[in-house]
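Structure first, then comments.
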2 protein chains.
Amino acid sequence: MVQEERNIAADVLKAMAHPIRLGVIEVLADGERTVTELYEELDCSQSMMSQQLKILCQQKLVSIRKDGTQKYCSLSNRDFLKLFDCMHLHLRKFLNFRD
Amino acid sequence: MVQEERNIAADVLKAMAHPIRLGVIEVLADGERTVTELYEELDCSQSMMSQQLKILCQQKLVSIRKDGTQKYCSLSNRDFLKLFDCMHLHLRKFLNFRD
DNA sequence: GATGAATATAAAAATATTATAATACCTATG
DNA sequence: CATAGGTATTATAATATTTTTATATTCATC
């Protein structure tokens, strides 16, 4: 990677590096959700969710389609789900996390 | 992942989400380096590198062995190198990045 | 066109991150 | 033991992120 790529890659990672945003990715791995479903499932405010979704969309991690008054969110790039496997192992193997 | 795991996972991702720290991981993928080699190769100050290495070590992404007056850095967990493949594709496929 | 449900935006305070500069801390060697 | 090379720490200013609260927008329905 060249400098410029690392800057952008860092922004993408930063977009994932937040408990709620990680939660959104995890939930959406299971399939499409509305904004309301997301903030209920992840137990945060509507405003919070809206702002976090914006960040995820900007990095093209999540995409949104509109249907009437609701918005349906889904993963743009399922490749990054691999990351959760790495992370799971890392938590157990390197940071002392119990199962 | 439960809440607590997402908090920690977010910290690990945050540790990667920085141009220099990404650079360190990339360079170390190729093999061990001293601190001096790292900051010369990545073109930043010694102090900057020392601080960034600390963050990487805290999350057990990098480990350091001492040899006399120098410190040798290496990757603790090569699993995360998969991330670079995903990222490379993501940059090209989703963010309009030329090759 | 008023209402209500779903979502977005703005503002602001609290906190965290980043980057730089200055200084301190080893440790090997003369 | 003074020095110099390699690395760490501290302090600080600038900037960015996080979270909450309040308000705005949009759209379907009555």
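Each chain gets a letter, A, B and so on, in the order the sequences are listed, and its residues count up from 1.
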Taking for each residue the nucleotide of DNA chain C with the nearest heavy atom, is it Tyr72(A) or Lys14(A) whose nucleotide lies nearer the 5' end? Tyr72(A)
Between atom [atom1] in [X] and atom [atom2] in [N], what is the gap in whole Å?
X: Met49(B); N: dT18(C); atom1: CE; atom2: P; value: 14 Å
X: Leu22(A); N: dT18(D); atom1: CG; atom2: P; value: 11 Å
X: Arg33(A); N: dA6(C); atom1: CZ; atom2: P; value: 17 Å
X: Ile64(B); N: dG6(D); atom1: CD1; atom2: P; value: 16 Å
X: Leu13(A); N: dA16(D); atom1: CG; atom2: P; value: 19 Å
X: Met48(A); N: dT23(D); atom1: CE; atom2: P; value: 19 Å
X: Gln58(A); N: dT17(D); atom1: CD; atom2: C1'; value: 13 Å
X: Asp67(B); N: dT7(D); atom1: CG; atom2: C1'; value: 14 Å

Closest-nucleotide 5' rank along DNA chain D - winner of Gln70(B) and Gln51(A):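 The answer here is Gln70(B).
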Take Ser47(B) and Ile55(A), find for each the nucleotide of DNA chain D with the closest heavy atom, and name the residue whose nucleotide sits nearer the 5' end.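 The 5'-side residue here is Ser47(B).
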Any sub-3.5 Å donor-acceptor pair from Glu26(B)'s side-chain atoms to Met1(A)'s backbone N or O?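 The answer is yes, because a donor-acceptor pair under 3.5 Å joins these two groups.
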Val24(A)-Ile55(A) co-clustered via ILVMFWY side chain contacts under 4.5 Å: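 Looking at the clustering, Ile55(A) is in a separate group from Val24(A).
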Transitively linked via ILVMFWY side-chain contacts under 4.5 Å: Phe84(A) with Phe97(A)?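 As far as the 4.5 Å side-chain criterion goes, Phe97(A) and Phe84(A) are connected within one cluster.
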By the 4.0 Å heavy-atom rule, please label Thr69(B) as base, sugar-phosphate, or nothing. base
Where the side chain of [X] is defined as all heavy atoms beyond and including C-beta, which of [options] is the nearest nucleotide?
X: Lys71(A); options: dA19(C), dA6(C), dA8(C); value: dA8(C)
X: Thr36(B); options: dT18(C), dT7(C), dG6(D); value: dG6(D)
X: Lys54(B); options: dG5(D), dA10(C), dT9(D); value: dT9(D)
X: His18(A); options: dT18(D), dT17(D), dA8(C); value: dT18(D)

At less than 3.5 Å, do the side-chain atoms of Gln46(A) and the base atoms of dA8(C) form a donor-acceptor pair?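 Such a pair exists between side chain and base.
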Can you see whether Tyr72(A) has Arg65(A) sitting over its ring - NZ or CZ less than 6.0 Å from the centre and within 45° of the normal?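 Flagged: Arg65(A) positioned over aromatic ring of Tyr72(A).
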Are Lys66(B) and dG6(D) close enough that a side-chain N or O sits under 4.0 Å from OP1 or OP2? no
Below 4.0 angstrom from OP1 or OP2 of dA8(C), is there any side-chain N or O of Ser50(A)?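 Yes, such a contact exists.
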Using a strict threshold of under 4.0 Å (side-chain N to carboxylate O), is an ion pair present between Glu5(B) and Arg98(A)?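 Here Arg98(A) does not pair with Glu5(B) in a salt bridge, since their nearest N and O are not under 4.0 Å apart.
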